[in-house]
Amino acid sequence: MADDAPKPHRSHGFATRMSHAGRAGTHAHGFVNPAVHRGSTVLMPNAQARRDFAKDRFNRVMTYGTAGGPTQYALEDVICEIEGGSRCVLVGTGLAAVTVPLMAYLKAGDHCLMPDSVYGPARTIANGLLANYGIETTFYDPTIDGAGLAALMRPNTRVVYTESPGSHTFELQDIPALAAVAHARGAKVLMDNTWGIRNFMPFEKGVDVSIQALTKYVGGHSDVLLGSITTNTEEDYLLVRGAASQMGHFAAPDDCWLALRGARTMALRLKHQEQSGYAVARWFEQRPEVLRVLHPGLPSHPQHALFKRDFAGACSLFGVVFQPRYTEADIFRFIDGLELFGIGASWGGYESLALPTTGFITRTATSENLGGYAVRIHVGLEDVDDLIADLEHGLATLPR
Ligand SMILES: *Cc1c(COP(=O)(O)O)cnc(C)c1O
């Protein structure tokens with residue numbers, strides 16, 4: 001099992017920890033990587049073990065496939081290193097990593113606060129299952145300060161959900177200020193930290209539960225769906241783990257193995273994609289067809305000061321808002337004319353993507369009018385000069 005492998009020290013650099021966390025230990029005959037342990041039944045040494053093991057099933061005592069095994073444990077260790085948390089629960093999709101902690105912390109009669117910029121399916125469960133179970137959600141302007149949040153808190157507000165930046169409109173949130181208010185009123189802070197992976201340290205900023213769609217940069221190759229829920233106290237871990245277990249959530253060992261492989265090179269890919277992303281974003285900013293670029297790392301971003309304060313870097317996902325004179329048909333022609341940018345959901349893979357935003361987002365607390373038609377760009381690992389030439393070619397299809 002992975003647990004006898006020497007663990008890296010938190011004082012080691014990120015690259016060192018990504019190389020040494022989650023290795024196989026001695027149980028794989030010296031092979032560096034843990035094996036893919038597929039399995040349902042786990043045989044026990046004797047009948048008494050059945051009684052003893054059951055008490056400890058969330059503590060890496062292997063009793064049945066759903067409690068995980070060496071492949072999952074290795075990935076859990078790596079995600080804890082990335083996020084700076086103490087324990088991690090793996091689930092089959094990023095969306096399950098959103099829904100499990102919501103179900104864990106909220107019950108009938110409770111109130112939840114969610115940013116208006118939240119990942120769409122999070123809004124759907126808030127207005128769907130959570131509402132059906134008697135949980136009320138208020139959507140708030142993601143850019144509010146601590147006083148703004150305090151005004152929205154109710155005695156029964158149990159969860160302040162956050163996502164910074166929003167993955168379509170890229171508003172940043174003042175997480176430490178919001179967390180201080182939430183904690184003073186006894187609410188938990190949940191954060192979808194997918195955009196900020198490696199660059200935003202959630203637990204240093206007051207987050208209680210950090211959600212990752214590992215599908216994105218950790219997977220990194222557009223071939224796996226997976227989610228993680230990381231916590232930093234044993235109490236939070238047991239609550240989230242218990243909810244995931246009650247609902248039958250599970251992360252398949254083959255998928256965990258792919259994510260483990262992706263994690264080994266994530267920092268390198270992310271760095272390259274960050275730089276290419278900046279190059280493409282700055283290029284867009286110079287173009288007369290473009291009204292504004294929604295990239296938290298650019299000085300033109302309205303909350304750029306928060307980015308500089310809280311983030312060590314950016315990923316390669318951002319938005320481009322076109323001049324209002326362009327119609328949807330114009331923008332669709334631009335997107336369809338691109339050769340190197342695929343049209344598809346998700347991000348964090350090695351391939352570049354362009355996706356229409358306008359008309360595909362819901363806003364109830366703020367305006368969905370960004371000033372013009374918006375497109376979300378994901379920059380992959382291609383040569384950036386080729387990407388810019390392709391975009392230039394695409395822009396040439398727009399009416400003068
Ligand atoms: C993609 C995504 C998710 C969900 O991940 P899946 O693995 O596709 O279910 C959650 N949050 C954000 C911000 C995402 O971009």
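We count ligands from 1, going down the list as the structure has it; atoms in each ligand are counted the same way.
Judged by distance alone, with hydrogens and angles left aside, the side-chain atoms of Thr169 form no donor-acceptor pair with the main-chain N or O of Gly166 at under 3.5 Å.
The structure places CZ of Arg325 at 8.0 Å from CZ of Arg400, a figure rounded to the nearest 0.5 Å.
By the 30° and 60° cut-offs, the orientation of the rings of Phe318 relative to His295 is tilted.
When each of Thr143, Ile144, Thr366, Ile361 is tested with Asp116 by the rule side chain to side chain contact (heavy atoms under 4.5 Å, CB included), just one qualifies, namely Thr366.
With salt bridges taken as basic N to acidic carboxylate O contacts below 4.0 Å, one links Glu234 and Arg87.
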Which N/O atoms of ligand 1 sit under 3.5 Å from a protein N/O, and at what distances?
| unit_1 | atom_1 | unit_2 | atom_2 | d |
| --- | --- | --- | --- | --- |
| ligand 1 | 7 (O) | Gly94 | N | 2.8 |
| ligand 1 | 7 (O) | Thr215 | OG1 | 2.6 |
| ligand 1 | 9 (O) | Gly94 | N | 3.2 |
| ligand 1 | 9 (O) | Leu95 | N | 2.9 |
| ligand 1 | 11 (N) | Asp192 | OD2 | 2.6 |
| ligand 1 | 15 (O) | Lys216 | NZ | 2.5 |
| ligand 1 | 15 (O) | Trp347 | NE1 | 3.0 |

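Between Phe322 and Phe334, the distance from one ring center to the other falls under 6.0 angstrom.
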